[in-house]
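The structure appears below as structure tokens.
We count ligands from 1, going down the list as the structure has it; atoms in each ligand are counted the same way. Here the structure is a predicted model, which means the values were calculated and not measured.
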Amino acid sequence: MYFGVDYYPEHWVFPYGGTVENPEAQWTQDAQLMHAAGVNIVRLGEFSWGLCEKEDGKFNFDWLRRVMDLLGDHGIQVVLGTPTAAPPIWLTKKHPEILPIDERGLVKHEGTRRAVCLNSDVYWTFSKRIVENMARALGDHPQLIAWQIDNGIAGNFTEASFNEDTRRDWHGWLEAKYETIERLNDCLGLRHWGQLVSAWNQVPMPMYSPTVHNPALTLDWNRFCSDTIVQFVGMQAEILRKITPDKPITTNLRALRHKFDHFDLAGVLDFVSIESTAAIKSRPAEIACEIDMLRSLKKDGIKTPDGDVGFWVIEQKAGNVNWQEVNSVVRPGVLRMFTYQLVSRGATAVLFFRWRQPRIGSEKYHGAVLPHNLEGSRRIYREVAQIGEELKILAPALKGTKVAAEACILYSHDNEWTLQQPNPPNKFFSLREHIQLFHTALHDRNIVVDFARPGEDLAKYKIVVAPSLHLLSAGDADRLKLYVQNGGTLIGTFNTGLVDEHCIAPDSGLPHNLADLFGLEVQEFDTLPPTEENHLTFKGAFPTSHLHPAKLWCDLIEPKECQVLATYAKDFYAGKPAITMNTFGLGKAIYIGTQSHQHFYHDLVAWLRNMGGLHPLLKVPENIEVSMREKEGSRVYFLLNHQNSPVRVQFYKPMHDFLTGNMVVGNYDIQPHGVLVIDEHPEAKPVN
Ligand code: GAL
């Protein structure tokens, strides 16, 4: 298992470290301290373009080679970042046209990372050259085990730029997609407000304008910008694969925060790496949801340096960040616990961001493993070193293990982009919040969840939740039907099937293409402000722990073949169905026509469990998070206590505690922010 840090040796040369005689002297001490903390991997180089190519065409990678040699002497391997996230100043001065233009037509100027338009031919040419030169100079270094392409692609609000090169590519993209102007006009619905075009070059980019652009055009713009980002990364991947075919390729992603299709991007990578800010937030279920989303980006074809089939955490914030209003330090034990949360959900490498707080630049007060002053606090260093020691113990048991989910939540970027457009039916509705309600309910019952796009093969999941698939193509709708037909349980909701993939509303009733699956028709929908709510009245066996509200959105449902599970309690649609269930083929399609509070989703999961569909991993008190990684013949369970107080767990069978080597049976108190990693004690395993 890889365990390491993100290191910026360029910050630690004289006059910030080292001496006049030996400007790089600090590097040796760094490597020694890393080795002592159990570090076996370091990420380097992702912002080093201006240092490796100080002048146009004059390359010097020797200093990086020296760092890699030194790390090698200390048994540390390297992931190299291609440095295209930060163009050098000389490049911008020579070619100011690479600077990105914003939606108001204003140039975003040089002097920071990401000051580029990703459609710029010039930028592509120079990027190809630096990547190629870096790969030729360092690709054969024995310490190099993987590449990270760029850094935080699309970060700092750089998903789109409105340059002339972008306009050219946009028109080319539309032409490739629609082939004829007539088709473009029809599919984008440009006759609305009479915005028909007669040539490709008339199609606007959705720049600052008096009112909202055509939603179909904006959606295509999002898709085009996403494709640009994926192609830029793909271009680099191709160069690297040619020069160093045996070095797997990754890049660092944040939890679907930036506007590009993360599934598509994962498709051009060999493995996914993620950034985690877990330790600065304190809502474990939300963090778990992010981890599950990111783990799910690449389910097949994973190629990692050690052959393991998981994802990497390439930036686990080692403490506070510097971009919140108040950046409090991370409390003792919290970093360790959230690192275990990542490992328990499938991480096969953890690298802490960053090795040491820099003395220079805009991230001076960002937390790090070590502070500016090496003689100062080593609190985080000690915690990190402890995690390193523990992961060494766990590594053999975790090798080759995977997280296997029974439940799946559907998510697509197109859908989210559509829902983010101006003038939705209810501005207070948030897809992420809706998803989180389901995920939290499953998480709190320790049911493992994957995410998938609606078009994926869902056959392996016992239940599939499809929250608010507002945009749904006929093909994806067919796949959902097939899944239920073959015995699956699908939970669909309000705000589904309102438009097709061209953003066109159906004239055949709602939910588009799924009315027969759910055995109902949505005749109208009412949206409510956050200050108002309706209530649900339940029928039959659905367990209700609370009075459940109907919030934000109420579908007015005309039942056809479906069974009604709950109705609305008031307003002119009192008594009308709100929640239904339909048998379709061998499976069941449940429809929830409204949004409720968290308790409802907990009750829903309890009901699904009773129907025999789902199995919690272990029976533990509610406030313990359980995850499991498994491989043929073995299962490793992680129990995390996110509370500030101990939580008592009871084991009816003897379990083996990996970290102490002891056996646990009967009552066991998991300490505040404590972690227990166990499997069934070998002797106690049933023989089969
Ligand atoms: C990341 C980025 C790092 C650093 C960090 C600060 O997104 O990749 O370079 O800026 O945020 O938290």
Side-chain angles (χ1 to χ4, degrees), residues 4-12 41-51 78-88 111-116 118 146-159 229 232-233 236 249-260 262 265 269 271-281 287 290-291 293-294 297 311-330 334-335 338-339 342 347 349-372 380 384:
V5 291
D6 302 316
Y7 182 39
Y8 300 92
E10 63 272 31
H11 298 170
W12 297 105
I41 184 87
V42 152
R43 184 192 66 182
L44 292 177
E46 73 272 18
F47 300 119
S48 66
W49 191 344
L51 298 159
V78 169
V79 178
L80 261 182
T82 67
T84 50
T112 73
R113 61 183 179 188
R114 302 239 68 87
V116 291
L118 289 183
W147 292 102
Q148 172 183 299
I149 291 178
D150 204 280
N151 184 81
I153 192 91
N156 306 116
F157 309 102
T158 56
E159 291 99 336
I229 289 162
F232 182 72
V233 173
Q236 295 198 29
I249 292 168
T250 190
T251 198
N252 53 340
L253 301 172
R254 285 173 88 164
L256 280 52
R257 203 176 113 110
H258 302 129
K259 241 179 176 164
F260 62 86
H262 288 53
L265 190 80
L269 304 173
F271 66 102
V272 165
S273 289
I274 69 166
E275 292 181 29
S276 170
T277 45
I280 65 161
K281 299 186 214 150
I287 301 159
E290 292 188 351
I291 302 170
M293 279 184 163
L294 290 159
L297 295 176
F311 62 92
W312 280 31
V313 185
I314 210 155
E315 285 193 26
Q316 160 74 322
K317 305 299 182 253
N320 59 285
V321 293
N322 68 332
W323 37 260
Q324 292 183 304
E325 283 188 13
V326 177
N327 298 292
S328 311
V329 295
V330 171
V334 172
L335 189 62
F338 281 114
T339 302
L342 287 153
V350 181
L351 284 76
F352 290 90
F353 180 88
R354 54 204 296 157
W355 171 240
R356 190 170 164 191
Q357 287 190 300
R359 296 181 58 204
I360 51 174
S362 58
E363 293 185 342
K364 270 192 216 74
Y365 302 113
H366 199 291
V369 176
L370 285 167
H372 297 136
I380 304 259
V384 165

**Study point:** cation_pi(R254, W323) dist<6.0 Å, angle<=45
**Key:**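 The answer is yes, since R254 meets both limits relative to W323.
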Tell me the contacting part of [X] for ligand 1: side chain, backbone, both, or neither, using a 4.0 Å heavy-atom threshold, strictly below.
X	answer
E315	side chain
N252	side chain
N151	side chain
R113	side chain

Check your understanding: Between D150 and R113, is there a side-chain N and carboxylate O pair less than 4.0 Å apart?
Key ->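 A salt bridge is absent here (no side-chain N lies under 4.0 Å from a carboxylate O).
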Practice item. For the pair R43 and D6, find out whether any cationic side-chain nitrogen is under 4.0 Å from an anionic carboxylate oxygen. Key: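 Salt bridge between R43 and D6, a charged N being under 4.0 Å from a carboxylate O: yes.
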Point to revise | H258-F157 aromatic ring centre distance below 6.0 Å | key: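 Not close enough - the centres of the two rings lie 6.0 Å or further apart.
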Check your understanding: Judged by modelled atom types alone, do Q148 and T250 share a side-chain donor-acceptor pair under 3.5 Å?
Key ->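 No pair is found: no donor N or O on one side chain lies under 3.5 Å from an acceptor on the other.
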Check your understanding: Are N252 and E315 linked by a side-chain donor-acceptor pair shorter than 3.5 Å?
Key ->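 Judged by distance alone, the side chains do pair up.
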Under 4.0 Å to a heavy atom of [X] - the qualifying atoms of ligand 1, by number:
X	value
W323	6 (C), 12 (O)
R254	7 (O)
F47	9 (O)

Check your understanding: Does an N or O anywhere in E363 fall below 3.5 Å from an N or O of ligand 1?
Key ->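 So ligand 1 has an N or O lying under 3.5 Å from an N or O of E363.
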Review point. Contact between K317 and ligand 1, counting heavy atoms under 4.0 Å?
Key: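 Contact check K317 vs ligand 1: positive.
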Exercise for review: Do me a favour and list the nearest non-hydrogen protein atom to atom 6 (C) of ligand 1 with residue, atom name and distance?
Suggested key: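 Checking every protein heavy atom, the shortest distance to atom 6 (C) of ligand 1 gives H366 NE2, 3.2 Å.
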Review point. Any idea which protein heavy atom is nearest atom 7 (O) of ligand 1, and the distance to it?
Key: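 Scanning the protein heavy atoms, the shortest distance from atom 7 (O) of ligand 1 goes to E275 OE1, 2.6 Å.
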**Study point:** For I274 against F311, the heavy-atom pair lying closest together
**Key:**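 Heavy atoms only, the tightest pair is CD1-CE1, 3.7 Å.
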Practice item. Ignoring hydrogens and angles, tell me if any N or O in the side chain of N156 forms a donor-acceptor pair with the backbone of T112 under 3.5 Å. Key: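 The answer is no, because no donor-acceptor pair under 3.5 Å joins these two groups.
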